[in-house]
There are 2 protein chains.
Amino acid sequence: MANTDTNHGKRATIRGVASAAGVSIATVSRVLNGRPDVAPDTREAVLRAVREQGFSTNRNARALSGGRTGLIGVTIPRVEASYFGVILSGASEALYEQDMRIVLCPTLHQHEREVTLLDRLMRGTTDGAVLMLPEESSAELKALQREFPVVVVDPRVSLDEGIPVVSAAHAAGARAATEHLLSLGHRRIGAITGPPEWIASTDRLDGYRGALAAAGVMPDPALVAASDFRVGPATEAVAAAMLDLPDPPTAIFAFNDNVAVGVMRAARARGLSIPDDLSVVGFDDSELAEIVVPRLTTVRQPLAEMGRMAVSLLMRLLENQRVDALRIELATKLIVRESTAPVAVAR
Amino acid sequence: MANTDTNHGKRATIRGVASAAGVSIATVSRVLNGRPDVAPDTREAVLRAVREQGFSTNRNARALSGGRTGLIGVTIPRVEASYFGVILSGASEALYEQDMRIVLCPTLHQHEREVTLLDRLMRGTTDGAVLMLPEESSAELKALQREFPVVVVDPRVSLDEGIPVVSAAHAAGARAATEHLLSLGHRRIGAITGPPEWIASTDRLDGYRGALAAAGVMPDPALVAASDFRVGPATEAVAAAMLDLPDPPTAIFAFNDNVAVGVMRAARARGLSIPDDLSVVGFDDSELAEIVVPRLTTVRQPLAEMGRMAVSLLMRLLENQRVDALRIELATKLIVRESTAPVAVAR
DNA sequence: CTGTTAGCGCATTCAC
DNA sequence: GTGAATGCGCTAACAG
């Protein structure tokens, strides 16, 4: 069966290009992969043939033969949550630029699905993976990472060294938020954290306390409470309790924007005006921040950047095998809007 | 080089399984693909070997040889937008159940990227694709669809017949929203649409007008205005203009939730209370709807269902080649919250 | 029912 | 510098 040089029927293959250019497929492969050992004219001829036939390499074949699949797995708890969506978006842009594509794996926060999915990803479909908020333990991740390039983004709990991870500078962000409040004259500054075992809680708490200490403000344990990170009655109740304190705070630093919304609702329910009676700072700079009235002062996490950084780290892992900085923290930024104001003079 | 039966080094292959089970690789392939023509004991033996070796088929090899890749492309304008995220989430769930995976292609609303991405998807990486809001013309889509199974979700403009598409029942949803307002006694009901060339605008407008007509309410052209679908000053201005009419509406049907937020802001700026002075209905039931104060009455689109439906349509396309219902409209649902109330008696 | 034989499209030694 | 040959892991006709 002679192969037709003119691609009329099916997709162009390397063979067609080779014969059109009057060279062997090996040579075509070389120029396709940017090898240096090809004569300029030969390269030229091949490229022309490639162009004429609209050829592009079949990734499956390449994967089977060479190893690389050009696909990167991304596990994500929930696709519809824009928080993760933004990280994903950053990662996807970076990958697009590298001419690689994403295999999406929504885990729904279920450990079992993570395991299944990762297992599948490893079975030749994918060159590596970006993991968001995995429920895996450090041990599992470490074992995984031994046979499969992986980087974790925004881990929920503290991970062992040796596991590549990129996250936001929680402590620094929290410090900035607290300092902002302090600079407005607030001294009784409440903090509503997330789940105590999460990094996002502990690290931000460190920043909060650090800022207070640096300003010589005595921390009041009554002004620190935990909540989950969601909007809802639970969060509002926590906020309410704090506002009902005998000596209530004049400002509250909510450890994420959802919590901040809860605080605002609780305040409204008590007839407190924001920011006049109570200043509120959030964390994340989610879409909420612009929607809410008044618009929320908050700490922006570089979510998209984290996604980009994760893939660039992963890419280096795929090549060098050895990278110097395995753990990366990206700076946050305080976004001042309308929910914070100088503390009221008379109270 | 004799292949080691015990898989100690690398990943198990079909060959290893075959020799372990004492059969040929062809037989293994058969049971792997659920072919009926295998003796029960043979099948049993093979399955045991598969289990013992922790074998699973290399998808690249299968793709190269057989055709199927087990991958479905999904183009999405912006991953971080939860509107699309929810559709994606539905699609991804359905795909997960089918043991297929998503190759994600964010297009950023750029036609050029869509073309590039689709081109790549077709080059053997993917078995078919789900397209969200493509900028492609009907002609392009039709050509595409000829050589590549594709279904469009939530098209922005009207598409030629023959192109498989799943969308929400815009008109019916709008009718329900308008009827709700009518049942509350409203007669002067404004409508703020999206871009006039979008289906979401025209179809919903039909529903709005239909409901009005059915109730014997004369439509007032002054009560219909267009906006883009985003939150922002432009939308607020449109709403403001309508509220400043000599004979303003007592209710406004915003064609999506973003616009509804704009209406609420414009109303607040005029000292109008919602829902006492003005009822507002949105469309989409986005996250906003629950956040906004008062919480928004709106028409819920079955976004996740649309995603699921799109893949199930696609699956059938991949098998039968012929499907009866190529165009599917999913029902919407009116969600009544706090932004609508009976029309004020005295005005 | 089961084994044999060919490739799928490409990357990759090796020679030349 | 370039070409011929070999195999990646699997599916798909064919035979038997």
Side-chain angles (χ1 to χ4, degrees), chain A residues 1-4 7 9-46 49-50 53-70 120 122-125 127, chain B residues 1-4 7 9-46 49-50 53-71 120 122-127:
Chain A
M1 216 142 294
N3 44 33
T4 49
N7 81 337
K10 287 292 169 186
R11 192 138 42 238
T13 101
I14 198 175
R15 217 176 334 263
V17 173
S19 70
V23 299
S24 74
I25 63 170
T27 303
V28 177
S29 177
R30 286 193 184 96
V31 341
L32 253 32
N33 293 299
R35 293 294 154 67
D37 53 347
V38 178
D41 339 353
T42 315
R43 177 185 308 276
E44 187 64 23
V46 170
V50 165
Q53 309 211 4
F55 166 87
S56 89
T57 102
N58 177 322
R59 302 185 88 110
N60 291 119
R62 173 182 301 204
L64 185 55
S65 162
R68 292 284 112 92
T69 67
R120 291 193 193 154
M122 291 171 54
R123 301 204 172 276
T125 23
D127 296 338
Chain B
M1 219 142 295
N3 44 31
T4 48
N7 81 339
K10 287 293 170 187
R11 191 135 44 234
T13 99
I14 198 176
R15 211 167 348 251
V17 175
S19 69
V23 298
S24 75
I25 64 171
T27 302
V28 176
S29 177
R30 285 192 184 95
V31 340
L32 253 31
N33 293 301
R35 295 292 155 67
D37 51 348
V38 179
D41 338 353
T42 315
R43 177 186 306 277
E44 187 64 24
V46 170
V50 165
Q53 311 211 3
F55 167 88
S56 91
T57 103
N58 178 323
R59 302 184 90 112
N60 291 119
R62 170 179 298 187
L64 185 55
S65 159
R68 291 285 111 91
T69 68
L71 261 30
R120 290 190 194 159
M122 292 170 55
R123 299 200 174 277
T125 22
T126 258
D127 296 337

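Here is the naming used below: chain letters follow the sequence lines, and residue numbers restart at 1 for every chain.
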(request) Kindly calculate the angle separating the two end axes of the helix from C/dC1-D/dG16 to C/dC16-D/dG1, each obtained from five base pairs, and round it to 10 degrees. (result) 30°
(request) Could you please name the option among C/dT4, C/dC1, D/dT2 that lies closest to any side-chain atom of B/S24? (result) C/dT4
(message) I'd like to compare against my own output: the B/S/- annotation of nucleotides 9-16 of chain D with a strict under-4.0 Å heavy-atom distance to protein.
(response) BBBBBB--
(request) Identify, with sequence neighbours excluded, every residue that meets side chain to side chain contact (heavy atoms under 4.5 Å, CB included) alongside A/A45. (result) A/R48
(request) Look at A/T27 and D/dG3 and indicate whether a side-chain polar atom (N or O) is within less than 4.0 Å of OP1 or OP2. (result) yes
(message) Restricting to side chain to side chain contact (heavy atoms under 4.5 Å, CB included), what partner residues turn up for A/I14, sequence neighbours left out?
(response) A/I25, A/V28, A/S29, A/L32, A/F55
(message) Can you list everything that forms a side chain to side chain donor-acceptor pair (under 3.5 Å) with B/N58? Sequence neighbours excluded, please.
(response) none
(request) Could I get the full list of side chain to side chain contact (heavy atoms under 4.5 Å, CB included) partners for B/R30, not counting sequence neighbours? (result) B/A26, B/T27, B/R35, B/D37, B/V38
(request) Name all residues meeting the side chain to side chain donor-acceptor pair (under 3.5 Å) criterion together with A/T57; count only those two or more places apart in sequence or in a different chain, and write none if there are none. (result) A/R62
(message) On a heavy-atom basis, which atom in B/Q53 and which in B/A20 lie closest, and how many Å separate them?
(response) NE2-CB, 3.3 Å
(request) Please check if the side chain of B/N60 supplies one atom and the backbone of A/L64 the other of a donor-acceptor pair under 3.5 Å. (result) no
(message) Going by side chain to side chain donor-acceptor pair (under 3.5 Å), name the residues that satisfy it together with A/T125, two or more places apart in sequence or in a different chain.
(response) none
